[in-house]
Amino acid sequence: MPAARESLLDAAYTALARRPWSAVRMVDVAAAAGVSRQTLYNEFGSKDGLARALVRREADGYLAGVDRALTGHSDLRDRLTATAEWITSAARENALVRAMLTGCWSERLPSPALSAVPSSSAVPAQRRADGPLPSPGDLVALVRDRAVTVLAGPGTPKSDTADLARSCELAVRLALSCVAAPPGEGGVADLVHSVLRREAG
């Protein structure tokens with residue numbers, strides 16, 4: 001991603017942490033990024049385009065964190081537990097990720113339509129952002145499918161892959177329930193481990 005685009009997205013994210021999206025001004029985002037307002041409009045087209053790009057970037061960052069969690073351990077339960085912990089921490093620390101995961105967009109946040117919008121942008125990254133944005137159900141499926149791909153070895157029987165997919169989706173949905181109602185002592189790790197033990201046994 002070009003440096004100016006990334007700087008503009010960083011500036012928009014910082015502005016959003018300080019004030020509601022409706023109060024974020026394009027001129028202020030451009031000034032904070034050290035570029036002209038015209039550069040901002042060339043890159044995103046409009047404030048809605050900026051919002052879509054910001055949501056797309058945060059979704060991509062969330063999924064990159066999922067990938068790191070899935071490859072950080074050798075044991076299947078530990079990988080799914082790390083993934084569940086990442087989901088809850090990402091949602092706790094990032095209001096846009098929380099909104100994407102739950103579908104609850106507060107009035108403080110931009111709430112771009114999830115469906116694709118017509119794009120005439122010459123910027124490939126913006127054309128991608130103007131495409132469909134992931135719904136909560138899409139994100140569950142993406143994480144489940146990534147987990148199955150990483151955790152299922154080559155030649156895994158189809159029946160075992162179906163069981164693995166169910167366990168992966170269960171871990172993701174359990175993590176999402178912890179986003180809505182944070183767990184008590186032991187946290188998400190204890191919950192995921194106990195559920196996966198029951199699944200395996």
Side-chain angles (χ1 to χ4, degrees), residues 1 9 13 52-106 109-116 125 128-129 131-201:
M1 184 176 291
L9 290 170
Y13 185 85
R52 292 184 71 81
L54 186 58
V55 169
R56 170 58 65 192
R57 183 182 77 162
E58 299 310 304
D60 290 345
Y62 165 74
L63 291 171
V66 165
D67 291 340
R68 286 189 302 274
L70 284 168
T71 57
H73 301 275
S74 56
D75 179 71
L76 180 139
R77 277 188 213 143
D78 290 341
R79 287 178 177 198
L80 289 178
T81 299
T83 302
E85 288 178 317
W86 163 253
I87 291 169
T88 56
S89 70
R92 185 174 49 249
E93 295 167 10
N94 187 319
L96 285 172
V97 169
R98 186 171 46 257
M100 283 185 277
L101 292 174
T102 62
C104 298
W105 295 84
S106 77
L109 300 175
S111 54
L114 296 180
S115 57
R128 181 170 178 261
L133 296 172
S135 70
D138 294 335
L139 288 169
V140 168
L142 284 167
V143 174
R144 178 200 62 219
D145 294 347
R146 284 171 185 240
V148 169
T149 299
V150 169
L151 301 175
T156 302
K158 198 167 189 83
S159 61
D160 289 352
T161 302
D163 289 343
L164 180 59
R166 191 179 84 202
S167 294
C168 292
E169 184 160 340
L170 188 60
V172 172
R173 291 188 180 278
L174 185 59
L176 291 176
S177 75
C178 292
V179 169
E185 192 175 329
V188 68
D190 281 355
L191 289 173
V192 172
H193 266 284
S194 68
V195 167
L196 292 176
R197 267 195 304 273
R198 277 198 294 273
E199 280 280 295

Seminar exercise, completed: When rounded to the nearest 0.5 Å, the distance separating CG of Leu142 from OG of Ser135 is 9.0 Å

For this session: Could you grab the distance from atom OH of Tyr62 to atom CG of Leu96, nearest 0.5 Å is fine?
Result: 14.0 Å

For this session: Please list, chain by chain and in numerical order, all residues satisfying side-chain hydrogen bond (donor to acceptor under 3.5 Å, both in side chains) with Arg79, sequence neighbours excluded.
Result: none

Exercise. CG/Leu191 to OG/Ser177 distance, rounded to the nearest 0.5 angstrom?
Worked result: 7.0 Å

Exercise. What distance do Glu58 atom CD and Tyr13 atom OH have between them, rounded to the nearest 0.5 Å?
Worked result: 5.5 Å

Exercise. Yes or no on side chain to side chain contact (heavy atoms under 4.5 Å, CB included) for Leu151 and Cys168, after CA distance, side-chain angles and deciding distance?
Worked result: CA-CA 9 Å; Leu151 301 175; Cys168 292; 4.0 Å; yes

Problem set entry | Counterpart residues, salt bridge (Lys or Arg N to Asp or Glu O under 4.0 Å), relative to Arg173 (two or more places apart) | Glu169

Seminar exercise, completed: When rounded to the nearest 0.5 Å, the distance separating CG of Leu63 from CZ of Arg68 is 10.5 Å

Problem set entry | Flag side-chain contact, heavy atom, 4.5 Å: Leu76 against Leu164 | yes

Exercise. Which heavy atom in Trp105 sits nearest to a heavy atom in Ser111, and how many Å separate them?
Worked result: CB-CB, 3.9 Å

Problem set entry | Heavy-atom closest pair, residues Pro136 and Met100 | CG-O, 3.3 Å

For this session: Would you please name every residue forming a side-chain hydrogen bond (donor to acceptor under 3.5 Å, both in side chains) with Asp145, sequence neighbours left out?
Result: none

Exercise. Can you tell me how far the OG1 atom of Thr102 sits from the CG atom of Leu176, to the nearest 0.5 Å?
Worked result: 8.5 Å

Exercise. Side-chain donor-acceptor pair under 3.5 Å between Thr81 and Asp78, yes or no?
Worked result: no

For this session: Using side-chain hydrogen bond (donor to acceptor under 3.5 Å, both in side chains) as the criterion, list what pairs up with Arg128, not counting sequence neighbours.
Result: Asp60

For this session: Using salt bridge (Lys or Arg N to Asp or Glu O under 4.0 Å) as the criterion, list what pairs up with Arg98, not counting sequence neighbours.
Result: none

For this session: Carefully, step by step, assess Leu80 and Arg77 under the rule side chain to side chain contact (heavy atoms under 4.5 Å, CB included).
Result: CA-CA 5 Å; Leu80 289 178; Arg77 277 188 213 143; 6.0 Å; no

Exercise. Asp67: what forms a salt bridge (Lys or Arg N to Asp or Glu O under 4.0 Å) with it, not counting sequence neighbours?
Worked result: Arg146

